[in-house]
Amino acid sequence: MSTNTLPAPTTAPEQRIATSPDLDFVRRSKPVSVVSDSLILAKRHLMRIPRQPDWLVGVTIMPIMFLLLFRYIFGETVQATLPPGVDAVNYLVMGIIVQGIVFGAMNTGLGLAMDAKEGLMDRFASLPMARSAVVLGRILADMGIAIFTTTITILVGLLVGFRPTTNVGDWIAAIGLMLLMAFVLAWLGAIIGLWLKTVEAVNSIGFTLIFPLTFLSSTFINPDFLPGWLQGFAKNQPFTLLLDATRGLLTGFPEIGNSAWMVTLYLLIALVVLVPIALRMYERRLTQ
Amino acid sequence: MSIRQDGRGEAAVIVEGLEKSFGSTRALDGIDFQVKRGTVLGLLGPNGAGKTTAVRILTTLLKPDAGRVEVAGIDVLAHPDQVRANIGLTGQNAAVDEILTGHENLVMFGQLYRLSLRSAKQRADELLERFDLSVAANRTLKTYSGGMRRRLDLAASLIVSPPVIFLDEPTTGLDPRSRNGMWEVIQDLVDDGTTVLLTTQYLEEADRLADNIVVVDHGRVIAEGTADQLKSQLGGERLAISVSSGTDLSLAERTLLEIAGSTGKVDGEVQIDADANQLTVPFAAGGRGLPDALRRLDAAGLELTDIALRRPTLDDVFLTLTGRTAEQEADASTEHAA
Ligand SMILES: Nc1ncnc2c1ncn2[C@@H]1O[C@H](COP(=O)(O)OP(=O)(O)OP(=O)(O)O)[C@@H](O)[C@H]1O
Ligand SMILES: [Mg+2]
């Protein structure tokens with residue numbers, strides 16, 4: 001039996017058989033539609049945020065609260081672990097910024113789990129849109145949120161004694177690094193969300209996995225002061241590398257050396273690994 | 001370019017030998033059916049029959065293990081992208097963004113259907129108007145009732161007026177008024193020439209909307225035909241009586257059989273719900289036979305608490321076709337799956 005009586009596949013993937021004459025369709029190439037569809041969905045996510053008070057609190061009040069608590073309660077303690085001349089406020093603010101970016105990446109996983117729960121993933125999958133845009137749009141929006149949260153943290157930090165470098169080149173490098181970090185980690189968040197599937201699981205298991213990782217690092221204290229058996233892990237695990245590189249760029253401690261370059265390389269390698277995994281998992285999630 | 005406008009002609013949906021298993025669950029066990037262009041097909045079946053699985057395969061969301069599917073003249077497995085541009089899907093659960101407004105939802109979906117922003121906005125307004133949602137256009141969906149949400153969900157699948165629409169249990173969970181509203185909307189679609197495949201658990205719904213009905217159970221087609229054909233196969237209306245507790249049910253059963261026998265062909269048996277003291281029998285005589293039936297029941301000394309004529313339900317379809325009620329079927333399949 002003939003299974004395919006269509007003419008040879010044409011360049012435009014979406015051939016419409018019955019179009020309403022008064023509708024105005026936009027023709028886009030595949031790569032362009034990945035970008036435009038991602039932007040449409042990123043806009044959707046950003047429109048949702050101000051309407052969800054709990055999220056607003058999460059991305060504004062929480063980092064500020066974290067910052068003030070650590071600054072005023074643990075400031076002295078942290079100072080004692082740092083070499084002379086290194087300021088604890090600088091150290092802590094940077095830790096909170098990077099931790100905010102890491103936690104923010106989990107939003108990508110949460111969001112995808114939410115879309116699946118609300119049945120929106122099915123609808124998106126039935127539309128003639130770029131499929132990867134569902135993940136990518138989410139990530140773009142979450143990066144927007146990360147930029148917002150980081151800016152707030154830096155501004156409030158400046159009010160309570162954060163004194164980063166004023167060197168423009170270092171700032172540009174640090175911002176670039178943080179954006180790349182947010183982008184790569186969001187793919188990790190997407191994988192966690194697609195793997196754990198439900199909003200509840202991402203909230204509990206996802207954060208349970210991430211929490212110790214961010215604490216057993218140089219986020220809040222100099223890892224030289226951790227128990228010996230933890231030091232090896234805490235000093236070399238990925239979050240510490242991210243922290244050290246951003247800290248080095250903006251506050252000069254630890255010495256930056258070539259760590260920013262190394263971290264960039266690691267992130268790019270991670271990206272090459274994570275993106276195909278996430279997209280494959282997404283495709284599987286759709287058709288199961 | 002218009003392709004296959006009149007290609008293979010008649011059928012807007014072709015399903016041949018479709019099979020799909022989830023682990024050891026055989027959701028579709030080789031089903032075949034076709035939907036003629038411009039008609040409505042009702043896919044009727046109890047919980048777990050495989051209706052949603054079939055719709056998901058037809059709308060490119062799921063890959064079958066075997067079989068061939070064609071929608072709007074396009075091979076679904078070979079060209080899923082082209083199929084997506086030509087279908088609308090309203091899934092079993094409303095798939096709309098709760099936190100956006102009705103208008104924002106439709107504009108977003110319109111853009112994802114590749115409409116220009118201007119066209120998407122204009123279309124959103126039109127659809128909100130047509131579905132009686134204009135007043136709620138700028139409210140977030142959290143404030144919508146179940147019926148409004150379902151209408152918006154349907155509107156979203158009609159944005160580009162696709163030639164083929166899939167509706168998976170479009171009225172489940174709606175109150176009778178919203179259900180009627182939904183039926184009218186679907187009827188309008190059909191009048192505009194859209195081909196509709198709808199799944200339902202209600203014979204009444206299939207009866208009201210569908211030109212053809214395919215009854216599925218355990219992933220197989222067990223009956224097929226127009227509503228009239230199915231109903232004549234089922235023997236038309238039912239006479240249902242409730243007797244006061246303590247009544248001899250076998251006496252009631254005998255009496256009902258006599259009554260049914262004297263009014264025409266006896267098709268099927270007396271269905272007895274002992275817990276509710278309720279008995280049902282196919283009853284060809286309709287309303288005109290009712291006085292006579294009452295007299296006989298009275299003469300037999302039966303004390304009735306209720307008597308009614310009702311149209312065949314899905315349960316009756318199943319009782320007639322399989323000898324079991326849909327509920328028992330569903331129970332059996334869950335036991336089986338466990
Ligand atoms: N993703 C899945 N994984 C495992 N089993 C599944 C999956 N989807 C469906 N099934 C099983 O396949 C069978 C058919 O399910 P399907 O959802 O197609 O039925 P349905 O006719 O739509 O039922 P309902 O009226 O309850 O919606 C059921 O036994 C169901 O449990
Ligand atoms: Mg279903």
Side-chain angles (χ1 to χ4, degrees), chain A residues 1-7 9-10 12-28 30 33 36-37 39-41 43-45 47-52 55 114-131 133-134 137 283-288, chain B residues 1-5 7-8 16 22 56 59-63 68 70 72-75 77-79 81-89 91-100 104 108-109 111-120 122-123 140 153 156-157 159-163 166 193-194:
Chain A
M1 99 190 65
S2 106
T3 53
N4 177 13
T5 48
L6 277 171
T10 45
E14 57 287 291
Q15 295 288 345
R16 293 192 39 80
I17 286 167
T19 343
S20 324
D22 52 340
L23 291 181
D24 176 18
F25 285 88
V26 188
R27 288 245 166 258
R28 297 191 190 100
K30 250 215 158 100
S33 65
S36 62
D37 290 347
L39 290 175
I40 292 167
L41 290 180
K43 182 177 149 208
R44 158 190 172 225
H45 300 310
M47 285 196 302
R48 286 163 57 105
I49 292 171
R51 299 177 196 176
Q52 291 169 290
W55 268 59
M114 240 182 270
D115 281 353
K117 181 175 161 191
E118 288 173 10
L120 277 161
M121 265 197 192
D122 274 356
R123 167 146 265 148
F124 291 140
S126 79
L127 296 178
M129 58 179 284
R131 285 157 96 77
V134 176
E283 194 69 26
R284 271 222 336 250
R285 182 83 182 75
L286 285 183
T287 54
Q288 77 184 358
Chain B
M1 184 178 80
S2 106
I3 47 171
R4 312 229 12 217
Q5 185 78 277
R8 190 184 300 242
E16 279 175 14
F22 298 101
R56 289 178 61 85
T59 53
T60 78
L61 303 186
L62 197 62
K63 294 227 182 339
R68 192 175 80 89
E70 203 179 276
I74 308 160
D75 186 316
L77 301 176
H79 303 283
D81 270 351
Q82 293 185 18
V83 170
R84 288 179 200 127
N86 286 287
I87 58 168
L89 166 65
Q92 190 163 352
N93 304 304
V96 279
D97 192 323
E98 291 287 295
I99 294 162
L100 299 187
E104 287 165 348
M108 172 179 73
F109 290 125
Q111 286 188 284
L112 293 173
Y113 264 117
R114 303 257 168 282
L115 289 183
S116 67
L117 181 61
R118 204 181 56 84
S119 211
Q122 180 197 331
R123 193 67 184 131
T140 66
D153 199 35
S157 56
I159 292 173
V160 296
S161 309
F166 296 87
T194 308

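Chain letters run A, B, ... following the sequence lines, proteins first, then strands; residues in each count from 1. Keep in mind the model is a prediction, meaning the values are calculated, not measured.
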Under a 4.5 Å cutoff for heavy-atom pairs, which residue among B/Asp153, B/Asn93, B/Leu117 has the most contacts with chain A? B/Asp153
Please flag which part of B/Glu104 lies under 4.5 Å from any non-hydrogen atom of chain A: side chain, backbone, both or neither. side chain
Find the one option among A/Lys43, A/Met114, A/Glu118 whose heavy-atom pairs under 4.5 Å with chain B are most numerous. A/Glu118
With distance as the sole test, does A/Arg48 use its side chain to make a donor-acceptor pair with the main-chain N or O of B/Ile99 at under 3.5 Å? no
Go through the atoms of B/Val83 and report whether side chain, backbone, both or neither lie under 4.5 Å from a heavy atom of chain A. neither
Side chain from CB out, backbone as N, CA, C, O: work out which of these in B/Ser157 comes under 4.5 Å of a heavy atom of chain A, or both, or neither. both
Would the distance check show the side chain of A/Arg131 and the main-chain N or O of A/Glu283 forming a donor-acceptor pair, the cut-off being under 3.5 Å? no
Can you tell me if A/Arg123 uses its side chain to pair, donor with acceptor, with the backbone of B/Leu89 under 3.5 Å? yes
Heavy-atom pair count under 4.5 Å with chain B, highest-scoring of A/Ala125, A/Gly119, A/Ser36, A/Ala133: A/Ala125
Between A/Arg285 and A/Asp122 (salt bridge meaning N to carboxylate O under 4.0 Å), is one present in this structure? no
Between A/Phe25 and B/Tyr113, what is the shortest heavy-atom contact and its length? CE2-O, 3.5 Å
I'd like to know if the side chain of B/Asn86 reaches the main chain of B/Pro162, judged simply by a donor and an acceptor atom lying under 3.5 Å from each other, with no hydrogens or angles considered. no
For B/Ala156, is it the side chain, the backbone, both, or neither that has a heavy atom closer than 4.5 Å to a heavy atom of chain A? both
